[in-house]
Amino acid sequence: MLNMNLQFIEEKDSQKTKRAKAAQAKKEAALHDPTWAEVWETGYITKTGKQKPGILQMNLTATDKARLLDVKKAIEAGEIGTGLDSNKTLTKTKALEIYRGLMNQRKTGILREMVEKTPTNYRLIQTVPQLRRLVEDLERETFVALDTETTGLNVYQDEIVGLSLSLPVADYHVYIPVAHKAGKQLDRDLVLEALRPMLTNPDLGKVLHNAKFDIHMLIRHGVRMKGLLHDTRIAMALLNENETSYALKNLATKYGKYFGFQEESHTFDELFGKTRFDDVALDVALVYAAKDTHLTLEFYKWQKEHLQKRDKLLQLHRDIENVLVDVCVDMEQTGLLIDREFAAEYGDELRAEIVAAEAKLKKAFGDINFNSPSQLAKVFYDDLKLPDNNKRSTDVKTLKALQGEHDGIKTLLEYRGLTKLLGTYVDALPEKIQTDGRLHGSFNQVQTVTGRFSSNDPNLQNLPPKARKLVIAPKGMLILGSDFSQIEPRILAHLSGDEHFREPYLLGQDLYSTLASRVFKVPIEECRDGSIYRKKMKIGLLAVMYGTSMFTLSQQLGISIEEAQEFIRDFFTSYPGVHKFILSVHESVKKDEFVETIDGRKRRFSGHREQAKAYDALARKICSITGTAEVPANFWKIKEIPRALKEAYQKVKGPVESVRRQSVNAIIQGTAADVMKKALLQVHAYCKSKGWELFATVHDEALMLVSDQITPAEVREIENCMLSAVDLNVPMKVDTELMKRWGEGIKKSEWFNQAA
DNA sequence: TCCGCGGGCCAC
DNA sequence: AAACGTGGCCCGCGGA
């Protein structure tokens with residue numbers, strides 16, 4: 001209920017939905033764009049300069065559309081002139097030119113106004129006495145807000161040019177310039193040394209927005225910050241995982257009215273664009289930077305109130321996410337050692353194979369760019385007249401189906417694999433190596449709606465086995481990877497409480513074999529590892545957990561839709577607790593418009609209640625006509641159902657079923673993410689005590705660098721760290737591998753056997 | 001030259 | 001008529 005009074009509940013579209021929506025929007029914009037017509041009013045000018053009346057049919061990007069509306073408003077308000085005679089029509093080019101001028105005019109105006117309105121308790125620290133006074137005042141604080149301004153965003157290369165601090169007790173906000181190109185200021189090292197006791201004091205709480213960045217920057221200048229109290233970016237992600245932007249200024253613009261910041265806040269980009277912060281004049285820098293920590297401080301107080309009203313979320317924040325920041329920083333600092341020689345050789349090898357494949361492809365398909373789907377589609381479906389099924393797709397699935405039609409397709413598939421491996425991994429990874437010789441990817445603990453980690457620049461969570469081989473352990477060290485075995489099915493077993501589903505885990509039997517034997521009603525001997533029953537069951541369970549449609553399942557299993565339906569029916573009959581659990585999630589998300597993990601992480605689905613009610617009502621109506629318990633899969637073909645009813649049902653079916661799939665998945669995936677985060681905290685602490693280092697996490701796996709003298713007992717310790725994060729009503733299992741080179745892991749038992 | 005988008009594809 | 005959850009990166013392509 002508490003969620004209702006806040007504007008937290010917004011739905012962020014998945015990448016897939018976003019793409020679909022964008023495509024649709026583009027289509028519509030291309031057909032008819034009244035916005036543009038409004039701006040032009042009298043018509044439009046064609047490329048050749050001819051003026052035409054009527055509505056312009058032009059494909060406008062959403063950005064341009066917004067810009068033109070902005071220009072229109074500004075002209076009407078007299079903010080800016082068009083510079084045109086009144087009888088002339090505005091061209092698109094001219095309108096965008098006016099827009100640029102308008103932006104510059106506004107920017108200058110905003111900055112001037114900001115400086116003029118600098119609050120009296122915003123202060124520049126430019127002299128030693130001022131700094132000394134600041135340090136004295138800091139001693140009376142229990143927490144402060146902190147931020148760094150830098151030359152750029154690369155935490156391994158860029159530098160701090162200033163620090164801002166907000167002092168709640170002393171009630172003032174400072175900016176300490178240390179490396180601006182102009183203006184009176186103190187030396188960076190001197191300032192950092194003066195602040196070091198305070199920065200490294202774990203008992204003085206620090207409040208930051210996106211603390212990871214500033215902690216990295218401070219490490220770069222030799223200071224390891226301690227005492228992170230609250231990260232407003234992380235807290236915001238917990239309070240609303242659907243937020244479209246987590247930039248502080250955007251959040252302030254949206255939520256500032258709740259904590260005393262009425263006016264619009266402008267992002268760095270809006271105000272400074274590509275200007276480096278050390279080029280910014282000090283009076284401007286003060287008002288911009290001090291406002292940052294001022295905002296952060298007030299935002300923190302406001303967020304704290306809301307967290308305190310939500311026990312579980314507060315705990316999740318305090319005990320998991322907040323303390324995880326340091327783990328994340330360490331993980332990124334450790335980075336990965338890349339075998340450059342191996343990468344170079346492997347790259348050459350791949351390049352040779354690609355050249356050979358290209359020659360074959362040229363013979364088969366002509367001199368086109370084989371990386372271009374549009375050029376390939378032209379050759380396949382226009383020239384060679386291959387069956388296109390109205391899709392003209394060139395993806396792997398389609399190509400595999402077409403393999404029999406043309407000899408060159410097999411080569412194209414090989415070529416795809418080779419170029420993907422080379423371009424995305426083998427060539428790309430070494431290029432990201434920083435000056436310290438290590439590859440430092442970024443791990444983000446609050447970038448996903450479910451609570452999983454994401455990774456980027458480069459993404460270390462999607463390296464295929466062949467690319468993992470580029471990563472090696474430094475001398476005297478080994479790579480150790482521990483992963484939770486079947487964590488998501490185990491969580492489903494726990495949450496559903498299904499006796500039969502839990503049984504194999506309690507008895508230490510193979511889950512998929514047991515499931516297969518029960519569902520397919522065949523002896524367990526026929527369902528062992530490698531059997532077709534077990535394989536099908538694995539796909540089937542994924543379908544159950546993620547709510548796959550019968551169509552997709554039938555495709556994946558190579559059976560008819562009816563057989564797929566029967567399979568799922570049999571599964572639910574065999575495991576009624578699982579069925580009950582899934583239905584109960586559907587019910588609760590319909591009632592609450594959110595679901596939560598065991599640790600209280602929420603995923604919210606705004607507006608679902610309404611749609612789910614409509615969907616259920618329409619489904620009942622259809623069922624009353626067909627006389628069935630559920631809407632038949634082939635309802636479109638049933639003549640007795642009125643067309644309008646079919647259409648109304650179809651319209652809500654997609655979104656409602658999508659939310660249902662997402663909600664079941666969010667609980668399972670999100671709980672697994674919570675478990676992994678707790679495990680990382682334990683593993684990190686243990687590694688630190690040993691002088692070892694965590695360097696990555698891949699959803700259900702923790703990867704670390706350990707001594708090559710590691711003992712079996714120490715491996716058990718690590719596994720126990722992982723297991724201590726789990727509290728389910730079925731046992732958890734952790735598998736550990738050791739290796740010199742990632743992707744060449746050897747099970748711990750074999751590793752120690754062979755060493756002995 | 002840079003940007004955004006779409007198709008495609010890698011991981012769990 | 002549309003068809004499975006969570007992510008990020010590469011390339012081509014069209015537009016500024």
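For clarity, every value in this text was computed on a predicted model and none was experimentally measured. So that the names make sense, note that chain A is the first sequence line, chain B the second, and so on, each numbered from 1.
If you check every strand for non-hydrogen atoms under 4.0 Å, Thr419(A) touches nothing. Within the 4.0 angstrom heavy-atom criterion, no nucleotide atom of any strand lies near Gln555(A).
The phosphate of dG8(B) has OP1 or OP2 within less than 4.0 Å of a side-chain N or O from Thr394(A). Between Asn369(A) and dG12(C) there is a side-chain N or O to OP1 or OP2 distance below 4.0 Å. When the side-chain nitrogen and oxygen atoms of Thr548(A) are compared with OP1 and OP2 of dG5(C), none of them lie within a distance under 4.0 Å. Of the side-chain N and O atoms in Thr450(A), none sit less than 4.0 angstrom from OP1 or OP2 of dG7(C). Listed pair Ser454(A) / dG8(C) meets the phosphate criterion, a side-chain N or O lying under 4.0 Å from OP1 or OP2.
Separating the CG atom of Leu399(A) from the P atom of dG8(B) is a distance of 8 Å, rounded to the nearest angstrom. Across the protein-nucleic acid pair, Glu431(A) atom CD and dC9(C) atom C1' stand 13 Å apart, rounded to whole Å. To the nearest angstrom, P of dC11(C) lies 10 Å from OH of Tyr415(A). Between the P atom of dA2(C) and the CD atom of Glu647(A) lies a distance of 12 Å, rounded to the nearest Å. Rounding to whole angstrom units, CD1 of residue Ile641(A) and C1' of dA1(C) are separated by 14 Å. Between the CD1 atom of Ile409(A) and the P atom of dG8(B) there is a distance of 13 Å, rounded to whole Å. Protein atom CD1 of Ile561(A) is 12 Å distant from nucleotide atom C1' of dA1(C), rounded to whole Å. Note: CD1 (Ile368(A)) to P (dC13(C)) measures 10 Å, nearest angstrom.
Distances from the side chain of Ser393(A) to the nucleotides dG5(C), dG8(B), dG12(C) place dG8(B) closest. Counting only heavy atoms from C-beta on, Asp395(A) has its side chain closest to dG8(B) among dC10(C), dG8(B), dG5(C). Considering only the side chain of Ser549(A), dA3(C) comes nearest among dG12(C), dG7(C), dA3(C).
Remark: Thr736(A) OG1 to Glu701(A) CD distance equals 9.5 Å, nearest 0.5 Å. In this structure, the separation between CG on Leu495(A) and CZ on Phe581(A) is 4.5 Å, given to the nearest 0.5 Å.
You'll find the side chain of Phe370(A) stays beyond 4.5 Å of the side chain of Ile354(A), heavy atoms only.
Mapping Arg643(A) and Arg661(A) onto DNA chain C via the closest heavy atom, the residue that lands nearer the 5' end is Arg643(A).
Looking at residues two or more places apart in sequence or on another chain, you find no side chain to side chain donor-acceptor pair (under 3.5 Å) involving Glu587(A). For Thr597(A), the side chain to side chain donor-acceptor pair (under 3.5 Å) test picks out Asp674(A), with sequence neighbours left out.
Asp382(A) and Arg392(A) are joined by a salt bridge, as a carboxylate oxygen and a charged side-chain nitrogen come within less than 4.0 angstrom of each other. With salt bridges taken as basic N to acidic carboxylate O contacts below 4.0 Å, one links Glu241(A) and Arg604(A).
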Might you list the N or O atoms of the protein lying below 3.5 Å from N or O atoms in nucleotides 10-12 of chain B, with each pair's distance?
unit_1	atom_1	unit_2	atom_2	d
dC10(B)	O2	Asn462(A)	ND2	2.7
dC12(B)	O3'	Asp700(A)	OD1	3.2
dC12(B)	O3'	Asp700(A)	OD2	3.4
dC12(B)	O2	Arg452(A)	NH1	2.9
dC12(B)	O2	Arg452(A)	NH2	3.0

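Between dA2(C) and dG7(B), the two P atoms lie 15 Å apart (nearest whole Å).
Ring planes of Tyr649(A) and Tyr615(A): parallel class, angle under 30° (limits at 30 and 60°).
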